[in-house]
Amino acid sequence: MHAIEMKHIIKSFGKGIGKVSALNDINFHADYGQLIAIVGPSGSGKSTFLAIAGGLLTPSSGEMMIENQTYHNSSAKDREQVRLNKIGFILQSYNLIPYLTVEEQFRLVDKVKRTPNLNPEHVQQIEKQLGIDDLRKKYPDELSGGQRQRVAVARALYADPKVILADEPTASLDSDRAFEVMRLFKELAHTTNKAIIVVTHDRRLAQFTDQIYEITDGRIQQLESA
Amino acid sequence: MYLAIKEMKHAKLRYSLIMFMIVLISYLIFVLTGLAYGLSESNRQAIDSWQADAIVLNSDADSHLSQSVITKNQLAKLKSDDRLAQLGELGVTARDPKGHKKVSSELLGISKNQFIYQQLTTISGRKFNSQHEAVVDKSMYDSGYRLGDEIYLSSDSPAYKIVGFTKDAKLSVAPVIYTSLSDWRDIKFGATSDGQVSAVLLKKNQLNQKADDLDQLTTEEFINKLPGYRAQNLTFGFMIAFLMLITLIIIAIFLYILTMQKLPYFAVLKAQGISTKYLVKNTVGQSILVTVSGVLVGGGITVLTAIGLPPAVPITFNYPLLAGAACLLVVMSVIGALIPARTIVKVDPVSMIGGN
Ligand SMILES: Nc1ncnc2c1ncn2[C@@H]1O[C@H](COP(=O)(O)OP(=O)(O)OP(=O)(O)O)[C@@H](O)[C@H]1O
Ligand SMILES: [Mg+2]
């Protein structure tokens with residue numbers, strides 16, 4: 001069973017003469033315990049890929065599965081549930097609510113999610129691993145950019161999803177910090193047995209991943225593993 | 001509501017300011033409502049206390065009691081019935097023998113055999129039963145008059161004696177002085193007195209004998225034609241309605257600005273699977289919390305005002321009415337919150353992917 005799987009995904013925007021074909025027959029899968037990078041030039045379709053993987057967009061055709069459960073054609077509400085329970089999203093910015101402390105960011109997940117989240121011991125362990133265990137009472141504006149992204153990672157992990165989708169998670173970080181976050185992702189993918197997919201245009205980050213895919217003009221292709 | 005409460009605790013100043021606005025507006029609304037109700041009451045109280053269904057006036061009086069005279073001949077055309085009460089009216093300036101304590105009053109003459117007199121109750125003293133006796137509204141007590149005091153009702157009439165106080169006896173914002181019809185005629189017509197009255201009140205629409213020179217109005221029609229009554233109510237109604245609208249707009253603008261600032265966070269939360277419903281509920285919840293606490297404080301200040309107010313101010317706090325106004329304010333706050341809620345519904349989490 002793949003953690004996430006795409007079969008013949010096509011996505012186009014608009015109609016007629018203005019029609020843009022963003023994704024063209026994408027076949028892709030990610031397995032548990034893998035860190036996968038998606039790279040590609042601007043406008044190639046990376047964001048569209050991630051939006052479809054996360055159920056934010058519906059494909060024009062093709063099949064999309066998460067843990068063997070198809071969900072490309074499920075209702076917006078069901079896709080919301082999938083995102084809440086099975087996917088952790090880490091975006092470039094705005095991941096943390098400014099008026100919640102680090103530990104309250106986790107509490108919010110408790111408030112909205114019915115299924116259980118990580119137990120306190122597990123949370124402590126991850127906080128240690130991420131080096132944020134002494135930041136619990138701090139608000140996001142009291143943290144550095146790197147600390148903030150690490151808290152965002154912890155928050156995504158907190159809901160215990162199968163899949164983590166990260167969109168340019170290192171864009172606002174300097175290279176040292178960026179490498180550090182990638183190293184963390186790799187470690188987490190392996191230790192927590194999750195499929196982590198990172199979209200980035202920074203090819204230097206590829207060295208940390210298990211697999212690299214490149215999207216060009218809406219087509220996906222696996223590159224040599226690092 | 002977790003998000004809502006955490007945010008309000010974090011941004012105390014912002015939310016206290018908006019709550020303070022609501023306190024002021026709700027206090028203003030409450031005072032205006034009290035004033036509107038109090039003035040309306042002191043216009044119509046006496047009429048309400050008679051529990052009549054209709055009133056007959058001279059057609060030439062254009063529905064105004066003070067201009068109406070019904071002659072003995074006209075009276076003779078009306079059926080005599082126990083559900084009929086004659087009334088004499090005259091605006092007078094009451095004064096004590098020393099000429100201090102001047103009070104603009106409504107002198108009303110009523111007949112002992114008819115229902116106005118029969119329904120009249122005194123809160124102290126007794127009803128009048130002989131010449132030159134008067135029962136007066138209790139606000140005359142606040143003006144310094146006591147039981148047994150002498151009171152002059154016109155420059156050439158003899159002194160009257162206050163034999164009783166009654167409550168709920170105000171007409172056109174003046175205290176009522178009840179005397180017998182014949183006393184009233186002496187003061188109003190003097191030598192030309194000849195069995196006239198100003199009006200006849202009816203219970204259960206006794207009169208349907210359509211005399212050409214008499215008009216019959218229902219009590220409600222008559223009250224609406226009291227001088228200034230409708231204009232006053234409309235003015236207050238407009239002021240209160242505008243304040244309600246202002247509340248709605250303030251809440252809408254305030255929450256809209258805050259929501260716009262939070263929109264990218266909301267978009268990310270939506271990407272993370274948090275439902276739009278949850279986010280909207282939190283925004284509406286904040287609006288309700290701010291308004292309810294503002295209205296409660298405003299209500300508290302209103303109660304204190306009511307306690308501290310001198311009796312001469314025509315404000316009557318009718319609590320069910322104020323509770324109605326408070327509920328309406330909360331409804332306004334919910335509608336106000338639904339305007340920014342639309343932007344929450346519309347924001348697309350896809351817009352947050354790709355970072356631009
Ligand atoms: N909502 C949309 N409507 C129309 N065209 C769109 C829409 N979203 C994306 N596209 C088009 O689809 C193509 C792929 O866009 P996408 O955002 O996925 O690229 P990207 O690889 O993420 O680029 P970048 O690295 O610049 O973020 C582009 O040609 C883009 O113009
Ligand atoms: Mg993009």
Side-chain angles (χ1 to χ4, degrees), chain A residues 13 42-43 45-58 76-101 104-105 107-113 139-141 152 155-156 158-159 161 165-169 171-172 199 201, chain B residues 1-19 254-255 257-287 289-290 340 342-356:
Chain A
F13 294 103
S42 182
K46 302 184 298 293
S47 296
T48 310
F49 174 88
L50 206 66
I52 287 180
L56 299 176
L57 283 178
T58 48
K77 211 173 172 173
D78 289 344
R79 280 184 279 134
E80 209 168 77
Q81 282 302 310
V82 169
R83 286 205 297 282
L84 190 58
N85 295 305
K86 299 197 167 173
I87 298 177
F89 251 113
I90 302 164
L91 302 181
Q92 241 176 69
S93 41
Y94 302 110
N95 287 299
L96 303 178
I97 304 299
Y99 44 84
L100 297 183
T101 62
E104 287 167 353
Q105 312 276 347
R107 290 281 297 140
L108 176 62
V109 180
D110 289 334
K111 295 283 173 190
V112 294
K113 191 166 160 261
Y139 286 97
D141 62 3
R155 188 227 177 266
Y158 180 70
L165 301 176
D167 180 41
E168 304 271 11
S172 56
V199 164
H201 61 261
Chain B
M1 287 300 283
Y2 183 73
L3 263 187
I5 288 163
K6 284 291 167 192
E7 183 184 9
M8 292 170 82
K9 277 191 184 157
H10 191 68
K12 278 193 205 74
L13 182 66
R14 280 180 191 182
Y15 285 92
S16 319
L17 279 176
I18 185 72
M19 192 192 116
F254 174 76
L255 285 177
I257 294 171
L258 290 189
T259 302
M260 289 313 279
Q261 289 172 354
K262 293 181 288 188
L263 219 46
Y265 298 100
F266 284 167
V268 171
L269 287 176
K270 281 167 99 171
Q272 288 167 343
I274 291 183
S275 67
T276 306
K277 205 171 109 194
Y278 179 80
L279 299 175
V280 168
K281 253 188 351 203
N282 275 276
T283 302
V284 174
Q286 283 179 333
S287 175
L289 270 180
V290 163
R342 278 190 50 219
T343 65
I344 302 177
V345 173
K346 277 192 185 157
V347 68
D348 186 355
V350 176
S351 66
M352 295 310 295
I353 292 186
N356 36 41

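Throughout, a chain's letter reflects where its sequence line sits, starting with A, and its residues are numbered from 1.
Between B:H10 and A:Y99, the ring planes are tilted. Angles from 30° to 60° get that label. Taking the six-membered ring where the residue is Trp, A:Y94 and B:Y265 present perpendicular rings, their angle passing 60° and hence far from 30°.
When heavy atoms are compared at a cutoff of 4.5 Å, A:L96 approaches chain B solely by way of its backbone atoms N, CA, C and O. The parts of A:P98 that come within reach of chain B are both its backbone and its side chain, each placing non-hydrogen atoms under 4.5 angstrom from that chain. Contacts between B:K262 and chain A at a heavy-atom distance below 4.5 Å involve the side chain alone, from C-beta outward.
In terms of heavy-atom pairs under 4.5 angstrom with chain B, the leader among A:T48, A:L100, A:L50 is A:L100. For chain B, the option among A:E168, A:K77, A:R107, A:Q81 with the highest count of heavy-atom pairs below 4.5 Å is A:R107. With respect to chain B, the highest number of heavy-atom pairs below 4.5 Å among A:V109, A:L108, A:L91 belongs to A:L108. If you tally non-hydrogen atom pairs under 4.5 Å between each of B:K6, B:Q272, B:K270 and chain A, the highest count goes to B:Q272.
Two rings, from B:F266 and B:Y278, have their centers 6.0 Å or more apart.
No donor-acceptor pair closer than 3.5 Å links the side chain of A:K111 to the backbone N or O of B:M1. Remark: side-chain polar atoms of B:S287 are not paired, donor with acceptor, to backbone N or O of B:T283 under 3.5 angstrom.
Rounded to the nearest 0.5 Å, atoms CZ (A:F89) and CD1 (B:I353) are 4.0 Å apart.
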